[in-house]
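Lettering of chains follows the sequences in order, A, B, ..., and the numbering in each one begins at 1.
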Amino acid sequence: MSVFLATHERTHSCGALRASDAGKRVVLTGWVQNYRDHGERIFIDLRDREGVTQIVADRERIAAIHAVADQFRNEWCIGIVGEVKLRGQQLAKGVPGEERKLKAMTNTKIQTGEVEVWIDEVEVFSKADTPPFAIEDDVDTNDSVRLKYRYLDLRRPRLQRNLVMRSQITRTTRDYLACTGFLEIETPFMVKYTPGGARNFLVPSRLNPGNFYALAESPQIFKQLLMVAGYDRYFQIVRCFRDEDLRNERQPEFTQIDIEMSFVNEKILQTTMEGLMAKLWKDVLGIELTLPLRRMTFAEAMDKYGVDKPDLRLDLILTDVTEGFKGSGIKFIDDAIAAGGIVKALRIPKNEKFTRALIDELPNFGKQYGLKGVTTVRLQEGGVWQGLKGVPDEARAAITAKVGAQVGDAIVFVADKWKVANTALGGIRLHLGDKLGLIRKNEWQFMWLTDPPLFEVDEGEIAAAHHPFTSPRTEDEDMLETAPEKVLARAYDLVLNGVEVGGGSIRIHRSDLQARAFKALRISDENQRAKFGFLLDAFKFGPPPHGGIAFGLDRLAMLMTGAEYMRDVIAFPKTQKGSDLMTDCPTPVSAKQLDELFIQVKPDLPVK
RNA sequence: GGAGCGGUAGUUAAGUUGGUUAUAACGCCGGCCUGUCACGCCGGAGGCCGCGGGUUCAAGUCCCGUCCGCUCCGCCA
């Protein structure tokens, strides 16, 4: 053990000292953030996760200490004992006009800027190599370098603040849910493989040659079984694993706040969750949310915003103008309508930033959504459209009125299949909102998205939009057999500033209804048994009505911390190819290890 | 699976039409400095130009391939 620590205990963090502490003898520990050597006197910024304190090694005070401090370099880990002094205290002694000087000496950039600590004892716990990048918030360093030296990156105040806040989020969540009657119960990570949905990571079973576990995509099935077992309010802050292609907001392992409740309807569940959000925002951010949160149906969201997760910090809305364009004589529009598509319009109120250049890049922007064309018009005096000719006066006036455009406004039109037109114009809405500075960045716009379709139909294939246990709306049950694509679900997403932060549903608990849902999904009895036999069995033994929700903790943390990248709220994240650059993972394994698992790797794999 | 951007000193970047010894800033090392806090001043070291091939008298620069990182589409939550 360090001699220093045998006789001293830290008295303050590096963010704690204030003017009122002047004169105290304190013990500080931390890392050398920076040093300014003035010969006789060395100023050192000492950093820990709470902040920075200036410490001073003065030759006149103690020459030996000064000699040690002279060696200090960035990121050395040290401990000191010293006296807290007001900045420049010794200057003020009887010298005229020094009061003002003293004031100028406080460093307003740091919390402890009024004081400094004059070192009387010191111990170097450990020296440090020159770090590959500066430990500062505004360092602009390549992600791969940051990830390789993640432990250094994590020393940066910004990331420390993010992880502190993430910890507050999970603590507050546990507090709230525990106080609301929820039990925290763990479920297995290594589970039965079920095809469909996201790809699973597989884990070979040595004890069962040729057999594999899957890493759980989510605890969905288990939490429903816990409801059957009578643990009627469950939660878990749990890791989930999905072997899909990655994005900024997607990691191969991510964390959910997973929740399930019995004897509830949508209203009760959503209200309970609103309470969680309100507590999180109050306790972690100090912000009062107004409850209840806004609700919007899936149909309205798609119609007005083109997406199922509208960003309501932006007021622009979409309008369906298919009717107005019928028989317009504009070829690409007529073609789209003839093919069963729609025409959608986005009104951009008069805006000087909406330049020719911005308009010209829209078709190219639309291409990434599969859009063939984007047309933008500007409304001139007398209802004239600048930019699109040939639309009859009457139709033009009707469309302009429906969109609600005024002279000087612009209207962006797209025409395509329903899904493409909506998704693309929804994307354009966000793109332009950003470019034109119309997104109110300081707002927290929550909303519940409700009544989504129960099934997704894609090229004749029908699939569960959420999962096959999602309950249809009672009034839609009869359409399960006749028009399944029209059945709406008792499902809901919580959307915040255009990000889906959570989603869930009321589950089916009646076996007759479940059978009809499976039938609509064209899942055979045999298949049902093979995949979900245990759940169907369990549902024979008095399952309660139940429903749940899961929040993406990483996404919540991203939004609450204002982080731009999900990697910035995860201590040890993975790259876009799922690798960990610090530990160099994943790696090949030895033939012996494979042998033990009865696994043979294809011989023509490229060697890394 | 597809599209785009990037990889040059420890870090971030510049590098012209292919042409002498590959620049700069910060950082690093040595020295000086009594109030700095992005301290300042003087001096110095530091390069497999991601990797492999090709074209050429000559490649950081052109061509082909490949690896890695990032963003997006598909996919997925």
Side-chain angles (χ1 to χ4, degrees), chain A residues 33-46 52-61 66 73-75 85 87-92 98 101-102 104-110 112-113 116 129-136 138-149 152 196-200 217-218 220 240-256 258 308-309 364-371 420 423-424 427 431 458 466-467 493 499-504 550-555 564-567 574-577 579 581 584 606-608:
Chain A
Q33 170 74 33
N34 191 16
Y35 56 92
R36 295 169 292 281
D37 184 351
H38 286 248
E40 280 297 299
R41 194 170 292 158
I42 305 169
F43 300 98
I44 297 143
D45 295 333
L46 191 67
V52 172
T53 300
Q54 173 163 286
I55 59 177
V56 184
D58 185 71
R59 187 179 281 156
E60 202 177 304
R61 188 176 175 94
H66 180 275
R73 292 296 178 268
N74 287 356
E75 301 309 317
K85 290 191 178 197
R87 294 269 184 125
Q89 194 176 40
Q90 77 292 352
L91 280 184
E98 290 293 344
K101 238 187 209 172
L102 179 81
M105 274 174 198
T106 65
N107 183 350
T108 51
K109 289 177 196 163
I110 57 176
T112 60
E116 60 194 8
D129 287 357
T130 303
F133 49 84
I135 312 300
E136 291 164 11
D138 49 2
V139 288
D140 184 17
T141 300
N142 208 313
D143 283 289
S144 41
V145 180
R146 289 178 52 191
L147 288 172
K148 180 171 180 187
Y149 300 95
L152 294 180
R199 270 185 282 264
N200 292 96
E217 295 168 31
S218 79
Q220 183 61 41
C240 302
F241 306 88
R242 292 179 196 176
D243 187 11
E244 291 293 342
D245 287 5
L246 306 175
R247 289 279 197 292
N248 176 12
E249 291 194 16
R250 249 187 258 165
Q251 284 274 317
E253 44 180 323
F254 61 98
T255 306
Q256 282 187 346
D258 195 50
D308 58 0
K309 45 181 182 179
N364 218 16
F365 182 84
K367 253 184 212 161
Q368 57 176 306
Y369 297 93
L371 213 56
V420 175
T423 308
H431 174 70
D458 192 25
H466 192 53
H467 58 60
D493 287 342
V499 177
E500 183 199 320
V501 293
F551 296 98
L553 175 64
D554 310 281
R555 284 184 180 175
E564 196 176 341
Y565 300 97
M566 185 174 276
R567 292 183 292 278
K574 293 192 169 52
T575 70
Q576 200 171 36
K577 283 192 70 186
S579 52
L581 298 180
D584 187 26
V607 178
K608 225 180 177 181

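- Using atom C1' as the reference point in both rA22(B) and rA14(B), the two lie 11 Å apart (nearest Å).
- For the pair F254(A) and R555(A), the minimum side-chain heavy-atom distance is 4.5 Å or more.
- Salt bridge present: R36(A) and D45(A) bring a charged side-chain N and a carboxylate O closer than 4.0 Å.
- Using a 4.0 Å heavy-atom cutoff across all strands shown, N34(A) reaches sugar-phosphate atoms only and no base atom.
- Across all strands, F241(A) comes closer than 4.0 Å to no nucleic acid atom at all (heavy-atom distances).
- Here N248(A) lies in heavy-atom contact (under 4.0 Å) with sugar-phosphate atoms only.
- Proximity note for R247(A) (side chain, C-beta onward) versus rC75(B), rA38(B), rU11(B): the nearest is rC75(B).
- Within a 6.0 Å radius of CZ in F365(A), more than 12 heavy atoms belonging to other residues, nucleotides or ligands are found.
- Distance from the side chain of R250(A) is smallest to rC76(B) among rU11(B), rC29(B), rC76(B).
- Remark: ring of F133(A) not stacked against base of rU11(B); the cut-offs of centroid gap under 5.5 Å and plane tilt under 30° are not jointly satisfied.
- Across all strands shown, Q251(A) has heavy atoms under 4.0 Å from base atoms, whether or not it also approaches the sugar-phosphate.
- Counting any heavy atom pair closer than 4.0 Å across all strands shown, N142(A) reaches sugar-phosphate atoms only and no base atom.
- When the shell of 6.0 Å around NZ of K574(A) is examined, it contains more than 12 heavy atoms from other residues, nucleotides or ligands.
- Here H38(A) packs flat against the base of rC39(B); its ring centre is closer than 5.5 angstrom to the base's six-membered ring, tilted by less than 30 degrees.
- No N or O donor and acceptor, one from the side chain of N74(A) and one from the base of rG27(B), sit under 3.5 Å apart.
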